[in-house]
Amino acid sequence: MPELPEVETVVRTLAPRIEGRRILDVQFYSKQILRHCGAKPGALRDRRVVRVGRRGKFIVIDLDRGFLVIHLGMTGQILFDTPRTTHTRAIITLEGTSMMYEDSRMFGSIEWGERLTARVEKLGPEPFDISAADFHAELQRHRGPIKSLLLNQGFVRGVGNIYADEALFRAGIHPRTRASRIRRLRADRLHAEMQAILLAAIENRGSSVSDYRDAEGRKGEFQKLHRVYDREGQPCLVCGGPIRRIVLGGRGTHYCPRCQR
DNA sequence: GTTGTTACCTGTACGC
DNA sequence: TGCGTACAGGTAACAA
């Protein structure tokens, strides 16, 4: 499932392929992925791609007028010049290339307009842009479990289920811990581990746990370095005890009961 | 305002 | 082999 490192990898492989190119045609094969968009597809024609960037898990494509925003959801992929399949939800034809949006589960979305929508504007800061002091101060304002807070995109944007579990393990914090009860020293460590793991995952081109691929069709490598995620019952790489899985906020949550108290 | 729960959606794994 | 069921999770909507 694409989180910040996966989306960053897609952006890096996507940018050189479409920046500077003009959109010639747009075809959509699913209304489901357009649920956040009021504008008509024809409005994209003849717009030129200026820059490809990212806000959290959203791919933000700056056009010479307006924005095109893609969220990959759970199973979204961007591929180029491949044959249309049953999972092709959109084809954006640009000068010299065709960009295919593939999404089997259709949790993803494509939207565009003159300005960014509220759901993109209201995201919290990038995990690399928040200071340790502000991070700790923000924790003090929330009484819910720290795991749920890390997944809240209004708190920090881009952290998903995998990297929340991995960051909490590396910081030695139990996922059920109330955020407001985490003291400064621990908060600093979580802040540092969160940034470190995201950077390491970007270096490894993300984690391919389901069917994630970058825009060149390549898998990521970081899943080989997971310490708790999807390792239920396997020995902890630090203490040797079994990794446990619980459901927290409706999400599978992996942790080591000995290392995370 | 915050927190928790559920729906959306479909491929995959599993049990019978 | 084939069928039914549970599960995976990012976001939005809703309830408490």
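Below, chains carry the letters A, B, ... as their sequence lines are ordered, and counting in each starts from 1. Side-chain atoms are counted along with the backbone in the values below, which use heavy atoms only and exclude waters and symmetry mates.
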What is the distance, rounded to the nearest whole Å, between atom [atom1] of [X] and atom [atom2] of [N]?
{"X": "A:Arg105", "N": "C:dA12", "atom1": "CZ", "atom2": "P", "result": "18 Å"}
{"X": "A:Asp103", "N": "C:dT11", "atom1": "CG", "atom2": "C1'", "result": "13 Å"}
{"X": "A:Met74", "N": "C:dA12", "atom1": "CE", "atom2": "C1'", "result": "16 Å"}
{"X": "A:Ile70", "N": "C:dT11", "atom1": "CD1", "atom2": "C1'", "result": "17 Å"}
{"X": "A:Phe155", "N": "C:dG10", "atom1": "CZ", "atom2": "C1'", "result": "18 Å"}
{"X": "A:Leu150", "N": "C:dT11", "atom1": "CG", "atom2": "P", "result": "14 Å"}
{"X": "A:Leu248", "N": "C:dG10", "atom1": "CG", "atom2": "C1'", "result": "16 Å"}
{"X": "A:Leu151", "N": "C:dA12", "atom1": "CG", "atom2": "C1'", "result": "15 Å"}

Taking atom types as modelled and ignoring hydrogens, do the side chains of A:Glu193 and A:Tyr163 form a donor-acceptor contact shorter than 3.5 angstrom?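 Absent: no donor and acceptor within the cut-off.
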Decide whether A:Ser207 and A:His226 meet the rule of one side-chain donor and one side-chain acceptor closer than 3.5 Å.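 Distance-only check passes for A:Ser207 and A:His226.
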Which part of the nucleic acid, if any, lies within contact of [X], taking any heavy atom under 4.0 Å across all strands shown: a base, the sugar-phosphate backbone alone, or nothing?
{"X": "A:Gly144", "result": "sugar-phosphate"}
{"X": "A:Gly252", "result": "sugar-phosphate"}
{"X": "A:Tyr163", "result": "nothing"}
{"X": "A:Pro145", "result": "sugar-phosphate"}

At a heavy-atom distance below 4.0 Å, which nucleotide of DNA chain B is the first touched by chain A, and which is the last?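 That gives a stretch of B:dT2 to B:dG11.
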Tell me, do A:Asp214 and A:Arg205 make a side-chain contact under 4.5 Å, heavy atoms counted?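 Of all side-chain heavy-atom pairs linking A:Arg205 with A:Asp214, at least one is under 4.5 Å.
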Residues sharing A:Ile246's hydrophobic cluster, by side-chain heavy-atom contacts under 4.5 Å among ILVMFWY, directly or via others?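 Direct or chained contacts put A:Ile246 with A:Leu248, A:Tyr255.
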Look at the side chain of A:Arg231 and the backbone N and O of A:Arg227, then say whether any donor-acceptor pair between them is shorter than 3.5 Å.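 It does hold such a pair.
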Would you say A:Thr177's side chain and A:His174's backbone share a donor-acceptor pair under 3.5 angstrom?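 It does hold such a pair.
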End-to-end axis angle, where each axis spans five pairs of the helix from B:dT2-C:dA16 to B:dC16-C:dG2, to 10°: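 Overall, the helix from B:dT2-C:dA16 to B:dC16-C:dG2 bends by 50° from one end axis to the other.
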For A:Arg143 and for A:Arg251, find the nucleotide of DNA chain B with the closest heavy atom, then tell me which residue's nucleotide is more 5'.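 Result of the comparison: A:Arg143.
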Would you kindly compare A:Arg141 and A:Arg89 by the position of their nearest DNA chain B nucleotide and give the one closer to the 5′ end?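 First, find each residue's nearest nucleotide; the 5'-ward one identifies A:Arg141.
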With respect to the phosphate group of C:dA12, does any side-chain polar atom (N or O) of A:Arg119 fall under 4.0 Å of OP1 or OP2?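 Yes, such a contact exists.
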I need the minimum non-hydrogen distance between A:Gly160 and A:Glu3, along with the two atoms involved.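 Result for this residue pair: N-OE1, 2.8 Å.
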Identify whether NZ of Lys or CZ of Arg in A:Arg184 sits under 6.0 Å from the centre of the six-membered ring of A:Phe135 and within 45° of that ring's axis.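 Checked: cation-pi criterion not met.
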Geometric class of the A:Trp112/A:Phe28 ring pair [parallel <30°, tilted 30-60°, perpendicular >60°]: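 If you compare the ring of A:Phe28 with that of A:Trp112, the planes turn out parallel.
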Let me know which of A:Arg157, A:Arg115, A:Arg55 forms a salt bridge (charged side-chain N to carboxylate O under 4.0 Å, His left out) with A:Glu121.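 Only one of A:Arg157, A:Arg115, A:Arg55 forms a salt bridge (charged side-chain N to carboxylate O under 4.0 Å, His left out) with A:Glu121, namely A:Arg55.
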